Number of protein chains: 4
Amino acid sequence: MLQVGVIGTGMIGQDHIRRMTSVLAGVRVTAVADVDPAVAFRTGERIGATVFATGEELIASSGVDAVVVCSWGPTHEQYVLAAIAAGKPVFCEKPLATTQEACLRILEAEAAHGSRLVQVGYMRRYDASYRALKSVLGTGQIGAPLMMHCAHRNASVPGFYEKEMAITDTAVHEIDMVRWMFDDEITAVRVLTPRRSSLGGDLQDPLMLLFELSSGVLVDVETSVNIRYGYDIRGEIVGEEGTAALGSLSPVHVRRAGLSADPVPADWRERFLAAYDVEFQEWIDALRSGGRPVGPSAWDGYAAAVVSDAGVLALRSGERVPVVLAERPKLYGMEVAA
Amino acid sequence: MLQVGVIGTGMIGQDHIRRMTSVLAGVRVTAVADVDPAVAFRTGERIGATVFATGEELIASSGVDAVVVCSWGPTHEQYVLAAIAAGKPVFCEKPLATTQEACLRILEAEAAHGSRLVQVGYMRRYDASYRALKSVLGTGQIGAPLMMHCAHRNASVPGFYEKEMAITDTAVHEIDMVRWMFDDEITAVRVLTPRRSSLGGDLQDPLMLLFELSSGVLVDVETSVNIRYGYDIRGEIVGEEGTAALGSLSPVHVRRAGLSADPVPADWRERFLAAYDVEFQEWIDALRSGGRPVGPSAWDGYAAAVVSDAGVLALRSGERVPVVLAERPKLYGMEVAA
Amino acid sequence: MLQVGVIGTGMIGQDHIRRMTSVLAGVRVTAVADVDPAVAFRTGERIGATVFATGEELIASSGVDAVVVCSWGPTHEQYVLAAIAAGKPVFCEKPLATTQEACLRILEAEAAHGSRLVQVGYMRRYDASYRALKSVLGTGQIGAPLMMHCAHRNASVPGFYEKEMAITDTAVHEIDMVRWMFDDEITAVRVLTPRRSSLGGDLQDPLMLLFELSSGVLVDVETSVNIRYGYDIRGEIVGEEGTAALGSLSPVHVRRAGLSADPVPADWRERFLAAYDVEFQEWIDALRSGGRPVGPSAWDGYAAAVVSDAGVLALRSGERVPVVLAERPKLYGMEVAA
Amino acid sequence: MLQVGVIGTGMIGQDHIRRMTSVLAGVRVTAVADVDPAVAFRTGERIGATVFATGEELIASSGVDAVVVCSWGPTHEQYVLAAIAAGKPVFCEKPLATTQEACLRILEAEAAHGSRLVQVGYMRRYDASYRALKSVLGTGQIGAPLMMHCAHRNASVPGFYEKEMAITDTAVHEIDMVRWMFDDEITAVRVLTPRRSSLGGDLQDPLMLLFELSSGVLVDVETSVNIRYGYDIRGEIVGEEGTAALGSLSPVHVRRAGLSADPVPADWRERFLAAYDVEFQEWIDALRSGGRPVGPSAWDGYAAAVVSDAGVLALRSGERVPVVLAERPKLYGMEVAA
């Protein structure tokens, strides 16, 4: 039974606590900490976990085998570094850290430790559809990949959502996904700005992102974050001899009122619910059986940060922006979950 | 942590042990028994469970809170009765028992006990698609239901599969599903015999079953158990103002070699994997929180047996055969999971 | 240029006149007649055709090479017989005649003439989807056919629509289609009556028809004639190794308001518009090139009448009703268009 | 009956002759001419048309009401100018002419004539799916358009196909289609070059074209001309509140051998067969009823040439290339068929 401490008991932290408490096997949440002690206390009481005043104390506790970081983004670096210093595996929700420099500090710390401890929460790698897509690609049945068309659509976004977040919060999922899908790095980014939706207020919405991979594969990503009709994730890989696309996943098909229709999910929770479960179960299983996380690595978190930064620059400048990564430490192969 | 004893460690038993050991939360397999002591021993050793020489001893053990029966069909009755006698919840794989009379004995024992202990393993009630279908029906958006068209197709069946098994083993899933879907009882059965597939040897394959419900809803079920192309489950409810059908659940869509195609699952394991997980998790959660199973009841198991028997008679006679159920004990409402 | 005389200038007659005047090649409507002389006169004036007081006079005219009969059903026999007597090809809208006896008189007259003159207006044989289905069947890629599932749904029907018309007017299209699809005769009919839709007034709606073919193929047909959501025609053939179904024919797919949807046609005109064009073009081309119609024959019209009558009896009696056909004259092979 | 003379009796010319001879109403091919007199002679003999030694003589003939130009591209200008000089309507297969300058000369000649005589053969405007898409857009149900995603895929291309033809011959259909779809002009073009398919020899295949419209709508077009699996045309408009896409048009759906599949058309003939028929029928009807063509105009032909040239420059330079059109003569509104 893996004993996990959770730092950050807000919405996403509570969801992961629920998952580790009442859905998954082989795990127990033994410790919690939060910037708001009252929330941490109520949570600890409810699930029978020890409450710590700080993340650092939680990490140090002998009752904690592994750490899950769900706190505010700017605090990720300190907790991840503390976990590495303690030699404990740490699952960090995205982003790994809020700057490239902070990510590099984590890479250095982990390299100094000498083996992987960090996993970053990019859940699409655990989605059955993306995995089926990668599997089809691997069989060679569509030939070598040449392009990928993606769309990432949200019905709406909250009021604090800013222009750059279409890249740093929304398209960042595609950034990680394509790196994993093609076992390759993104080498340049362009961002085009179509006619602006009147439903997005001041936002530049939608965007069209174009990623070049080192193999020459070209990826286009539409982000539409106010499209009203629902949450819709699309992806089609164009190979030399055929294409492979994310399939249809509608549990029910209804014919009424002149339409033959599938319902569209309302939001990402509905669409990726199972992926989160698989992500955590595989993380737990890996730690219980061998001690090493095999999902998205600190390098993946760093690369996502660098590509996101290039994307923001591309959006602001209107230019093609090259992506320049540090040399990859030997510790990191291209990490591939499953 | 619910402590479960598993009687029968064959293929399905091993799968449920795997599920309760490495997939689901809140449960531990503490005891096993099997007609083959060597298999039981190896299993117990692997998962750290106590091995019992007989199912009855396992049921009596203080280390067992609840029992899962996965043994050979003809032994179900004795273990279910023993569990009821011990006052312990028991999950019995289908069939509840191999005769109507045996099912009635279980109903009487449970009624004598005074509250529900038995749940029968009809997993379709836990499938996301069937649940979505039932949910659409409940909203009234397609009006009152009038008909349902079903198909139950297997790529192939093992050599020991006999003619009647298309009803007792295959269509029995539709029998339970339609009773649950419409909260209604089947009142008559017809079985028509189309042209016989040359791929099914001596089998009368396919069959066309027709179920009349007490509300007048008419259900047709095609069973095709040698159809080669894969495992395919179809269902469409025809309402007054529209229809609702099981949706498309293909994770990936591939265009190659002149076709735009979804892969078809090879067998039921792939199609209903998640349903089994949900079935057990809900059973575990119900026992942990309140002590009562809420899934398919002994009454449901009995009704399935009576309708199956009517189906077999209808197949042999070519006639419409009425379904005559015993009076339903007060203990059983029409049980509906979720 | 084929010179055609049209008897009956009501709705369907006007549609065929429009087709032969402004859509199809190689044809001219040179003569019209109608029970209402004013309508005939206005039509003749508009398109420049001679107006005849009676169908018989039109048939006799030297300016008429071939006859199209679109008049009231009970008058079909007399015009078809008159055309045969005149040795002129005649396209008769369904039904060929309103009784089996009348159909037999036509068969006799045509046999006496010694070659085919009559074609009956069953347009589904000319629909691209049904033809693709028959073509797939012919390749053997799904193995020998065993069953076919059909649905025939109308949003609503006019006030004069009576119970039996679900068979004689609606399912009669499936009757002809399955005979053609499988090159086979229907040997028995059952009609089951599900729970009645509250939207159909006194009608017994829907119905479930079951046709047995001499090969053993079993065909089920749902007729739902008040289903509100639109006009929907479904068909799936179950073969030994796979299935083939009418495909999706939606020109556009719209995602909005929580749904990912195809529009459903409002009525049969929209669904079978192209089939009517092909039906007439092939009839015209056959007459222009060789003089013999090759579409649905008088025998097909007769067989449809016999099966319809059996269906009505099956509906009234609740019994399985055998279909007994007269001996097929040598003149008629199983006629297959395309 | 419209009397048409066809200049150029190669593959496409023969197909249009077949169409006007045996498919469409109200038209007769009375004259033919071809650079190869033997081909012209055989064609004329077969269909009973006068054979002319030159296109100019054909145009001058009193037995020719309207001209169809299907000759080699470089000859289009001279025949279109000759038809304008003769005051006769002329349908010119794409391209209108091979240079912008030649197109401008045609615009001037037509303007001098004072009314439209020229129609250019862009058949997608007549395809039922594109029309349905435009119709959905017009209803406002998906809000204002913001982006459009397109793909244009060929199984293979002939040996003489050169790199630029992916723009001038292939994507030119999308160029005309988007101008018509959005009633708008393209203002700039980018062409990106993904990883090259090993199946395309020296070709730069696939390409990713990006069109900016004056409204700000951004259109991306994938051209893949060696993709083996078939001919596939895709289009999805992203609006403010939803999307509308070209629908599924498969006549049949086959489940066999582990796949649930729609066949893909082999080539454009199969996909756009009906569109060509509609295109010509509407042209014929327009000329017969009023004398003016209403389909793609000389201006549309000119604009396609300018955008194509910009695309070729964008491909060669790797830069964003603005599209600069001459002032539009008053004669041309934005022409929209249906």
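Hydrogens, waters and symmetry mates are skipped; everything else that's a heavy atom, side chains included, is used. Model, not experiment: these values are computed from the prediction. Naming: A, B, ... by sequence-line order, numbering from 1 per chain.
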Closest approach of [X] and [Y], non-hydrogen atoms and distance?
{"X": "B/Ala144", "Y": "C/Arg195", "result": "CB-NH2, 3.9 Å"}
{"X": "C/Pro206", "Y": "B/Met147", "result": "CG-SD, 3.7 Å"}
{"X": "C/Leu199", "Y": "B/Glu240", "result": "CD1-O, 3.4 Å"}

Option in [options] with maximal non-hydrogen atom pairs under 4.5 Å from chain C:
{"options": "B/Leu213, B/Val264, B/Thr243, B/Asn226", "value": "B/Thr243"}
{"options": "B/Gly230, B/Ala155, B/Gly242", "value": "B/Gly242"}
{"options": "B/Glu222, B/Arg228, B/His149, B/Arg320", "value": "B/Glu222"}

Task: Residues B/Glu236 and C/Arg234 bridged, charged N to O under 4.0 Å - done: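 A salt bridge links B/Glu236 with C/Arg234.
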Open item on the list: Please classify the contact between C/Ile142 and chain B as side chain, backbone, both or neither, with a heavy-atom cut-off of under 4.5 Å.
Closed with: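 For C/Ile142, there is no contact with chain B at all, as no heavy atom is under 4.5 Å.
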Task: Part of C/Arg196 lying under 4.5 Å from any heavy atom of chain B - done: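 When you check distances to chain B, only backbone atoms of C/Arg196 fall under 4.5 Å.
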Open item on the list: Test of understanding: with side chain to side chain contact (heavy atoms under 4.5 Å, CB included), list the residues that count as partners of B/Ala128, not counting sequence neighbours.
Closed with: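 With neighbours one apart ignored, the set is empty.
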Measuring heavy-atom distances to chain C, does [X] have an atom under 4.5 Å in its side chain, in its backbone, in both, or in neither?
{"X": "B/Arg190", "value": "side chain"}
{"X": "B/Leu210", "value": "side chain"}
{"X": "B/Ser224", "value": "side chain"}

Task: Contact check, side chains of B/Leu192 and C/Glu212, non-hydrogen atoms, under 4.5 Å - done: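 Of all side-chain heavy-atom pairs linking C/Glu212 with B/Leu192, none is under 4.5 Å.
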Open item on the list: So B/Glu241 and C/Ile227, do their side chains get closer than 4.5 Å, heavy atoms only?
Closed with: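 No - every pair of side-chain heavy atoms lies 4.5 Å or more apart.
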Open item on the list: For the interface with chain B, which of C/Thr193, C/Val217, C/Asp232 has the highest count of heavy-atom pairs at distances below 4.5 Å?
Closed with: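 Looking at each of C/Thr193, C/Val217, C/Asp232 in turn, C/Val217 comes out on top.
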Open item on the list: For the CD atom on C/Glu162, are there more than 12 heavy atoms of other groups (residues, nucleotides or ligands in this structure) within a distance under 6.0 Å?
Closed with: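 No, the 6.0 Å shell around CD holds no more than 12 heavy atoms from other groups.
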